[in-house]
There are 2 protein chains.
Amino acid sequence: MKLTSKGRYAVMALADLARFNNVNPVSLRDISLRQGISLDYLEQIFSKLRKKEIVQSVRGTQGGYILNKKAKEIKLTNIFDAVDEKVKTVQCKKESKKGCNGKATKCLTHNLWDELENHIYNFFDEKSLEDLVKENSERRI
Amino acid sequence: MKLTSKGRYAVMALADLARFNNVNPVSLRDISLRQGISLDYLEQIFSKLRKKEIVQSVRGTQGGYILNKKAKEIKLTNIFDAVDEKVKTVQCKKESKKGCNGKATKCLTHNLWDELENHIYNFFDEKSLEDLVKENSERRI
DNA sequence: AAGATACTTGACTATTTTAGTCAGGTTTAT
DNA sequence: ATAAACCTGACTAAAATAGTCAAGTATCTT
Ligand code: FES
Ligand code: FES
């Protein structure tokens, strides 16, 4: 079990964006420098975030990105979904009646992974970007 | 986020073993056939489980593996630990004061991943092999 | 109008991890 | 003796990851 960089960076970048998202858009270059994330990689990530309407882009000089909703309304599940970070722990297709081993019934551990999936999903669905920013409000970067 | 096959198979195989672990040892060949897991791969996995004293081996004809403790006493955390399935969601080294970006302080999302790690750990630490077997007791394989 | 900044897109790739396979053992019940 | 089953280490194809690279387009400032 691990988390990939894409999801990790997406959350990190948005947390940064939420913090500095006062009036002006925040450029990816700034986020890249502050958070130590490759600019090119950030662009891939923000392209996805924009398509899922989590951020808006502002082109041109002094451009950048702004949040498309209030930080409180952006749950971590939304972010993960946008960048295709899967919180999938069952192996099989849930809708199918077949098991992950190709047999007719679900495997011995199917229920376990399904429970875990819910467990993790709930964790992410309760956390908003605002929560994240608040947690860090006393800190300096 | 996903789970690798190694941890998945380890739990599946042990669930199978626990079910059939009456008097005689259970051979990997049987587990392989029942659960549809490559025999060679199972051997790698059980080698680790044996080193961590989760199972005992019985060599020779009619040999196989038996649980080394009661199913109730084997938590999923033990199993995952034995096969090196990491439930590590923070990127950095926890002991270090440095962040995952190499900077002097922990990153904006460090606390988040740390919380998640605990969340998942607790889930696994509350589940025993016995729980798994019971859940499936009414089913046929 | 020119230049600079910054978003936009798509293709490409080195590295690492995963999920095994393969080959050659050793041990023990019958 | 033979067969079943454990034991070990090395090897590898395929997939995923974490980027890089290149060639744009839009908009602001001067
Ligand atoms: S995970 Fe669903 S059948 Fe195995
Ligand atoms: S995860 Fe620990 S500093 Fe980023």
Side-chain angles (χ1 to χ4, degrees), chain A residues 1-13 17 20 23-68 80 83-86 88 91 100-102, chain B residues 1-13 17 20 23-52 54-66 68 80 83-86 88 91 100-102:
Chain A
M1 169 95 55
K2 60 171 195 188
L3 221 48
T4 67
S5 285
K6 193 159 33 169
R8 205 186 285 283
Y9 286 163
V11 175
M12 205 184 294
L17 180 53
F20 292 90
V23 191
N24 303 318
V26 179
S27 74
L28 292 189
R29 194 172 130 72
D30 286 352
I31 296 179
S32 165
L33 290 174
R34 276 197 293 262
Q35 305 303 330
I37 305 171
S38 143
L39 178 58
D40 281 321
Y41 204 24
L42 272 179
E43 276 169 355
Q44 280 183 49
I45 291 168
F46 272 76
S47 167
K48 296 188 181 209
L49 292 173
R50 190 176 59 78
K51 278 173 193 155
K52 291 294 175 76
E53 299 180 338
I54 291 176
V55 295
Q56 278 189 344
S57 67
V58 180
R59 301 187 73 149
T61 314
Q62 301 293 90
Y65 287 91
I66 53 177
L67 292 182
N68 202 23
F80 271 62
V83 299
D84 305 313
E85 187 76 303
K86 303 279 192 296
K88 175 174 187 288
Q91 184 89 320
C100 55
N101 42 21
Chain B
M1 170 93 56
K2 60 171 192 187
L3 220 48
T4 68
S5 286
K6 193 157 36 168
R8 205 185 284 281
Y9 287 164
V11 176
M12 204 183 294
L17 180 53
F20 292 90
V23 190
N24 302 318
V26 179
S27 75
L28 293 190
R29 195 174 130 73
D30 286 353
I31 296 178
S32 165
L33 289 174
R34 276 198 293 263
Q35 305 304 329
I37 305 170
S38 143
L39 178 58
D40 281 323
Y41 203 24
L42 272 179
E43 277 171 352
Q44 280 183 49
I45 292 169
F46 272 75
S47 165
K48 295 188 181 206
L49 292 173
R50 190 175 59 78
K51 278 173 191 153
K52 290 295 174 76
I54 291 176
V55 295
Q56 277 188 344
S57 67
V58 179
R59 302 189 73 153
T61 315
Q62 300 293 89
Y65 286 92
I66 53 178
N68 202 24
F80 271 62
V83 299
D84 305 314
E85 187 76 304
K86 303 277 193 296
K88 176 175 187 285
Q91 184 89 320
C100 55
N101 42 22

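We name chains A, B, ... by the order of the sequence lines, and we start the count at 1 in each one. Just the heavy atoms: all of them, side chains too, but no hydrogens, waters or symmetry mates, feed the values below. Computed from a predicted structure; not experimentally measured.
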Handout entry: Where chain A begins and ends its contact with DNA chain D, read 5' to 3' at 4.0 Å from heavy atoms
Key = dT17(D) to dC28(D)
Exercise for the section: To the nearest 0.5 Å, tell me how far Gln91(B) CD sits from Thr4(A) OG1. Expected result: 9.5 Å
Practice task
Determine the interplanar angle of the Tyr9(B) and Tyr41(B) rings, folded into 0 to 90°, and report it as parallel if under 30°, tilted if 30 to 60°, perpendicular if over 60°.
Solution key: perpendicular
Handout entry: Spacing between Lys48(B) atom NZ and dA19(C) atom P, to the nearest angstrom
Key = 12 Å
Exercise for the section: Taking the side chain as every heavy atom from C-beta outward, state whether Arg34(B) and Val26(B) have any pair of such atoms under 4.5 Å apart. Expected result: yes
Exercise for the section: Please report, rounded to the nearest Å, how far the C1' atom of dA6(C) is from the CD atom of Gln56(A). Expected result: 16 Å
Handout entry: Residue list, salt bridge (Lys or Arg N to Asp or Glu O under 4.0 Å) with Lys48(A), at least two apart or on another chain
Key = Asp84(A)
Practice task
Round to the nearest Å and state the distance from Arg8(B) atom CZ to dT17(C) atom C1'.
Solution key: 16 Å
Completion exercise
Contacts of Gln62(A) and Tyr9(A) projected onto DNA chain D by closest heavy atom; the upstream (5') one is Tyr9(A)
Practice task
Please state how far atom CD1 in Ile45(A) lies from atom P in dA6(C), giving the value in whole angstrom units.
Solution key: 19 Å
Problem - Whole-Å gap separating P (dT18(C)) and CG (Leu42(B)) - result: 18 Å
Exercise for the section: Evaluate the side-chain proximity of Asn24(B) to Gln62(B): yes if any heavy-atom separation is below 4.5 Å, no if none is. Expected result: no
Handout entry: Tyr65(B) vs Ser57(B) side-chain heavy atoms within contact, under 4.5 Å
Key = yes
Shorter than 3.5 Å, N or O on both sides, protein versus nucleotides 8-15 of chain C: list them out with atom names.
residue, atom, partner, partner atom, Å
dT8(C), OP1, Ser57(A), OG, 2.7
dT8(C), OP2, Arg50(A), NE, 3.3
dT8(C), OP2, Tyr65(A), OH, 2.6
dT9(C), OP2, Arg50(A), NH2, 2.8

Practice task
First locate atom CG of Leu17(A), then atom CD1 of Ile54(A), and finally report the distance between them rounded to the nearest 0.5 Å.
Solution key: 11.0 Å
Practice task
Look up atom SG in Cys100(B) and atom CE in Met12(A), then write down how far apart they are to the nearest 0.5 Å.
Solution key: 4.0 Å
Exercise for the section: Check whether more than 12 heavy atoms from other residues, nucleotides or ligands sit under 6.0 Å from atom CD of Gln56(A), and answer yes or no. Expected result: yes
Practice task
By nearest nucleotide on DNA chain C, pick out whichever of Gly64(A) and Leu39(B) is the more 5' one.
Solution key: Gly64(A)
Practice task
Consider the side chain of Thr61(B), meaning its heavy atoms from C-beta on, and name the nucleotide among dA29(C), dG20(C), dT5(C) that approaches it most closely.
Solution key: dA29(C)
Practice task
Check whether any side-chain nitrogen or oxygen of Ser38(B) sits under 4.0 Å from OP1 or OP2 of dT21(C), and answer yes or no.
Solution key: yes
